[in-house]
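Naming: A, B, ... by sequence-line order, numbering from 1 per chain.
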2 protein chains.
Amino acid sequence: MREPLPPDLFDEVCPTALSPVRVGDKWAAMILTCLADGPRRFSELRVPLRRVTPKVLTASLRALERDGLIARDETRAASGRRVEYRLTPLGESLLGPLEVVCGWVREHIDELLAARESFDAARERRTA
Amino acid sequence: MREPLPPDLFDEVCPTALSPVRVGDKWAAMILTCLADGPRRFSELRVPLRRVTPKVLTASLRALERDGLIARDETRAASGRRVEYRLTPLGESLLGPLEVVCGWVREHIDELLAARESFDAARERRTA
DNA sequence: CCGGATCCGATGTGATACTG
DNA sequence: CAGTATCACATCGGATCCGG
């Protein structure tokens with residue numbers, strides 16, 4: 001948690017768009033993962049999620065907050081504004097199931113991609 | 001499996017739209033569940049999934065087939081056409097994780113709905 | 001620093017009608 | 001029986017610009 005999140009955390013792994021299993025919207029699973037080991041600031045989350053615009057990140061965070069999976073803590077000080085997001089107990093309880101499906105995807109992503117390629121190739125042949 | 005699928009199988013339970021966890025598109029998880037105990041014909045699937053139009057059901061089945069999760073078997077006979085869908089080994093391997101997330105939803109759906117209601121009520125107050 | 005406002009294309013979902 | 005064709009609509013994700 002003390003360490004900042006690496007910028008390439010989701011660059012290669014976790015191709016959410018490719019997985020048949022989704023948690024919340026496009027970015028929700030990554031957000032939960034980022035919060036698994038402690039609270040994070042908005043700008044901290046933007047590092048690994050650098051391909052998402054602020055607006056969309058806000059929308060995802062709001063949706064997770066609405067579901068009671070994360071909580072938002074805002075503190076105003078002379079140094080400026082500080083907003084932190086953290087998992088609620090409910091959000092933490094979702095980490096287990098989330099890891100189960102992530103494990104499944106990691107284990108079978110090759111079969112999945114091969115099946116798609118094969119299917120698309122067969123369709124291509126039929127169209128041609 | 002020999003028994004037909006009950007028409008109200010998904011009427012109350014499994015409010016997929018309410019769950020933050022999704023498998024494939026809107027109907028994919030229900031389809032996999034229907035196929036868990038054996039192959040089913042297109043028209044058999046339409047019984048529990050009576051709120052989905054043929055076009056959308058076809059699209060869902062195609063998507064699952066593309067991912068290699070189900071297989072499509074077509075046989076033509078004098079009695080007419082017969083198309084059956086069944087889980088592939090890959091599809092069967094997904095049943096475990098699927099049940100894990102379904103269990104989580106069953107266990108926490110009340111907290112989830114309460115959180116949403118509370119959040120929306122607070123937002124309502126702010127707007128007013 | 002942490003967003004909101006606005007616009008827009010892509011995608012998902014569905015009703016209705018029709019077909020090999 | 002097992003789908004297709006067409007049209008319509010809502011939501012999602014993103015680009016861009018703006019604000020406290």
Side-chain angles (χ1 to χ4, degrees), chain A residues 4 10 15-31 34-35 39-67 70-86 123 126-127, chain B residues 4-5 10 15-20 22-31 34-35 39-67 70-86 123 126-127:
Chain A
F10 298 115
T16 305
L18 302 179
S19 164
V21 184
R22 282 189 49 174
V23 177
D25 61 22
K26 185 174 177 181
W27 308 98
M30 304 185 207
I31 293 172
C34 289
L35 297 180
R40 293 286 183 182
R41 301 188 60 181
F42 187 85
S43 39
E44 282 184 289
L45 292 172
R46 292 201 63 187
V47 174
L49 304 174
R50 53 187 167 175
R51 293 184 326 211
V52 58
T53 60
K55 171 203 158 183
V56 175
L57 179 56
T58 299
S60 287
L61 289 166
R62 287 286 177 280
L64 288 170
E65 194 189 352
R66 186 173 107 96
D67 281 355
I70 68 174
R72 180 178 183 275
D73 299 316
E74 179 172 1
T75 62
R76 293 178 167 279
S79 53
R81 185 153 63 140
R82 181 186 187 87
V83 179
E84 273 194 345
Y85 296 92
R86 57 180 166 82
R123 188 168 44 78
R126 232 172 300 121
T127 315
Chain B
L5 296 163
F10 299 115
T16 306
L18 301 179
S19 164
R22 281 190 50 173
V23 178
D25 61 23
K26 184 173 178 181
W27 309 97
M30 304 185 208
I31 293 172
C34 289
L35 298 179
R40 294 287 183 181
R41 304 185 58 177
F42 188 85
S43 40
E44 281 184 288
L45 291 173
R46 292 201 64 186
V47 175
L49 304 174
R50 52 186 167 175
R51 292 184 327 213
V52 59
T53 60
K55 169 200 158 182
V56 175
L57 179 55
T58 299
S60 287
L61 289 166
R62 288 286 178 280
L64 289 169
E65 193 189 353
R66 187 172 107 97
D67 281 356
I70 69 174
R72 180 177 181 276
D73 299 316
E74 178 173 2
T75 63
R76 291 179 167 282
S79 52
R81 182 152 65 139
R82 182 186 187 85
V83 179
E84 273 193 343
Y85 295 91
R86 57 179 167 82
R123 188 169 45 78
R126 231 173 299 119
T127 315

Separation of atom [atom1] in [X] from atom [atom2] in [N], rounded to whole Å:
| X | N | atom1 | atom2 | value |
| --- | --- | --- | --- | --- |
| B:Leu57 | C:dA15 | CG | P | 13 Å |
| A:Trp27 | D:dG13 | CH2 | P | 9 Å |
| B:Arg51 | C:dT13 | CZ | P | 14 Å |
| B:Arg50 | C:dG14 | CZ | P | 15 Å |

Heavy-atom distance under 4.5 Å between the side chains of [X] and [Y], does that happen here?
| X | Y | result |
| --- | --- | --- |
| A:Ile31 | A:Ser60 | yes |
| B:Leu35 | B:Tyr85 | yes |
| B:Phe10 | B:Cys34 | yes |
| B:Arg72 | B:Leu61 | no |

Legend entry - Helical bend (five base pairs per end, nearest 10°) for the helix from C:dC1-D:dG20 to C:dG20-D:dC1: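 One end's axis against the other's: 50°.
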
Legend entry - Sugar-phosphate or base contact per nucleotide [nucleotides 1-12 of chain D; S, B, -; heavy atom under 4.0 Å]: SBBBBBB-----

If you take all heavy atoms of [X] and [Y], which pair is closest and at what distance?
| X | Y | answer |
| --- | --- | --- |
| B:Val52 | B:Arg46 | O-NH2, 4.3 Å |
| B:Arg81 | B:Arg41 | O-NH2, 3.3 Å |
| B:Pro4 | B:Arg40 | CA-NH1, 3.9 Å |

Legend entry - A:Glu84/A:Arg82 salt bridge by N-O under 4.0 Å criterion: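 Salt bridge flag = yes for A:Glu84 with A:Arg82.
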
